[in-house]
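Note on naming: letters A, B, ... go to the chains in the order of the sequence lines (proteins, then strands), and numbering restarts at 1 for each one.
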Number of protein chains: 2
Amino acid sequence: MNNFVSVAENCALNKLRQTSRMVTKIYTEYLQPSGLTPTQFSLMTALSLLGSATMKRLADVMMMDRTTLTRNLKPLERDGLIKTFPGQDRRLKNIALTDNGRNALDEAFPLWEKAQTHLASILGTEQWETLHTSLNAATKVMQKKISVQ
Amino acid sequence: MNNFVSVAENCALNKLRQTSRMVTKIYTEYLQPSGLTPTQFSLMTALSLLGSATMKRLADVMMMDRTTLTRNLKPLERDGLIKTFPGQDRRLKNIALTDNGRNALDEAFPLWEKAQTHLASILGTEQWETLHTSLNAATKVMQKKISVQ
DNA sequence: CTCAAAAAAGTGTATATACACAACACAAAT
DNA sequence: ATTTGTGTTGTGTATATACACTTTTTTGAG
């Protein structure tokens, strides 16, 4: 009984992971000169938009587990790209870009743009749009249904 | 200059990762009783289909880095769900499910089906189909363009 | 005011991912 | 037969992910 054929072809998560792995290769390669990983670039972008944010807020915005965020920020702080400072509420930890962080982000931006363009050209305009639409729809719906803790 | 707004909204990789994280939550929860992670389930499914496979072959089929595969197989072998044996060509390492592995996979299958059904119901039939279509198209095109080493 | 509940964050542990490098086996050319 | 190159795999290191548990601080009920 080969039910298992359908897993290989139809498992949504497996497909997501495979796609994610391949797309990661592209962005990692393009971001290489900046010294930033894709995750780091995304986190810093979010911080650039937020100005500063607590761990919880940043985790929510990124739809990232709080504890994952803690580990992901470690290299950024070590390298002086972000800084942290307590809030009035002493439970809170605020995070913001440093000047070095802002500079690194500015340098990385055009590299990210090239990665986007490259992927778009590989997929073709239509598939590129469809991918975005479906991922946006998926995250939007799941955000409501799933507690990000 | 807030170029960075477009990153949060338009970064394909960021969207892929976010979606992947949320979908992972669903499948992990459903697979919980089986003791298998989603990755392990997918790997074992592939092995079930292939009968047995070398590291390289399995990595290719899974579109997974060879060295990632090495680490991912460790817990499965430790738990007696897969076994390995050398080929005639002594560079090759063959991998196959054990009887325990096959049993575990049989038990996990209906759990995976429930996860699929649950996600499909969250997304709705149309989005579910669109997601699959676009991910399939993406992996198909990238598989040609990108060397998986 | 006191103390229990809740909220924010960190740590231990485990899996997932992949690059750079190393080790080993086979193949092919001379 | 030796050498040289190629193919297959593993290891060291680093980031990415998240659950269970703990610590600290704040809030709120009485």
Side-chain angles (χ1 to χ4, degrees), chain A residues 13-14 16-29 31-32 35-43 53-60 62-79 81 84-95 146-149, chain B residues 13-14 16-29 31-32 35-43 53-60 62-79 81 84-95 146-149:
Chain A
L13 180 53
N14 197 35
L16 268 170
R17 293 253 179 106
Q18 287 179 348
T19 309
S20 192
R21 286 195 291 263
M22 288 195 273
V23 172
T24 293
K25 270 190 197 294
I26 295 175
Y27 284 76
T28 299
E29 184 187 336
L31 287 175
Q32 186 89 25
L36 297 177
T37 67
T39 299
Q40 292 167 352
F41 177 75
S42 287
L43 284 172
T54 64
M55 293 293 291
K56 178 166 172 47
R57 171 111 175 84
L58 187 53
D60 284 348
M62 293 294 296
M63 297 184 228
M64 184 180 280
D65 188 274
R66 189 181 54 74
T67 67
T68 301
L69 181 60
T70 299
R71 316 297 167 122
N72 286 349
L73 291 180
K74 278 264 161 66
L76 291 175
E77 189 169 20
R78 178 199 60 201
D79 297 344
L81 301 173
T84 65
F85 52 97
Q88 288 179 337
D89 184 335
R90 288 163 64 187
R91 288 171 301 182
L92 303 183
K93 182 184 187 180
N94 286 293
I95 305 127
I146 301 182
S147 68
V148 190
Q149 157 167 16
Chain B
L13 180 52
N14 197 34
L16 267 170
R17 292 251 179 108
Q18 286 179 350
T19 308
S20 192
R21 286 195 291 264
M22 288 195 275
V23 172
T24 294
K25 270 190 196 297
I26 296 175
Y27 284 76
T28 300
E29 184 187 337
L31 286 175
Q32 186 88 28
L36 298 177
T37 66
T39 298
Q40 292 166 355
F41 177 75
S42 286
L43 284 172
T54 65
M55 293 294 290
K56 178 163 173 46
R57 172 111 175 86
L58 186 53
D60 285 347
M62 292 293 296
M63 296 184 231
M64 183 180 282
D65 188 273
R66 188 181 56 73
T67 66
T68 302
L69 181 60
T70 300
R71 316 298 166 123
N72 286 349
L73 291 180
K74 277 264 163 63
L76 291 175
E77 188 168 19
R78 178 200 61 202
D79 297 344
L81 300 173
T84 66
F85 52 96
Q88 287 179 336
D89 184 336
R90 285 164 67 186
R91 289 171 300 185
L92 304 182
K93 183 182 184 180
N94 286 293
I95 305 128
I146 302 182
S147 67
V148 189
Q149 160 170 12

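Atom-to-atom, CE of A:M63 to P of D:dT17 comes out at 13 Å; the value is rounded to the nearest Å. Distance, A:M22 CE to C:dA16 P: 18 Å, rounded to whole Å. For B:D65 and C:dA20, the CG to P distance is 11 Å, given to the nearest whole Å. Put simply, CE on B:M64 is 8 Å from P on C:dA16, counting in whole angstrom units. Between the CD1 atom of B:I26 and the P atom of D:dA18 there is a distance of 13 Å, rounded to whole Å. Protein atom CG of B:L43 is 8 Å distant from nucleotide atom P of C:dA16, rounded to whole Å. Atom CZ in B:R90 sits about 14 Å away from atom C1' in D:dT8, given to the nearest Å.
Rounding to the nearest 0.5 Å places CG of A:N94 at 11.0 Å from CG of A:L58. A:S20 OG to B:M63 CE: the interatomic distance, rounded to the nearest 0.5 Å, is 13.0 Å.
Among residues two or more places apart in sequence or in another chain, the salt bridge (charged side-chain N to carboxylate O under 4.0 Å, His left out) test is passed with B:R91 by B:D89. A search for side chain to side chain donor-acceptor pair (under 3.5 Å) contacts involving A:T84 returns A:E77, not counting sequence neighbours. By the side chain to side chain donor-acceptor pair (under 3.5 Å) test, B:T24 pairs with A:R17, sequence neighbours left out. In this structure B:T28 satisfies the side chain to side chain donor-acceptor pair (under 3.5 Å) test with no other residue, sequence neighbours excluded.
Direction of the helix axis in the helix from C:dC1-D:dG30 to C:dT30-D:dA1 shifts by 10° between the two five-pair termini, rounded to 10°.
Note on A:T37: every side-chain N or O is 4.0 Å or more away from OP1 and OP2 of D:dT15. The side chain of B:T68 contributes an N or O atom lying less than 4.0 Å from OP1 or OP2 of C:dA18. Checking the phosphate oxygens (OP1, OP2) of C:dA18, no side-chain nitrogen or oxygen of A:T24 falls inside 4.0 Å. Distances shown here put a side-chain N or O of B:K25 below 4.0 Å from the OP1 or OP2 atom of D:dC19.
Map A:S20 and B:P75 each onto its nearest nucleotide of DNA chain C; the residue landing nearer the 5' end is B:P75.
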_At under 4.0 Å between heavy atoms, how does the protein contact nucleotides 2-11 of chain C? Give one character per nucleotide, 5' to 3', with B, S or -._
-----BSBBB
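Of the candidates D:dT15, C:dT15, D:dT17, the closest approach to any side-chain atom of A:N72 belongs to D:dT17.
In terms of modelled atom types and a separation under 3.5 Å, the side chain of A:D79 and the main chain of A:L81 share no donor-acceptor contact.
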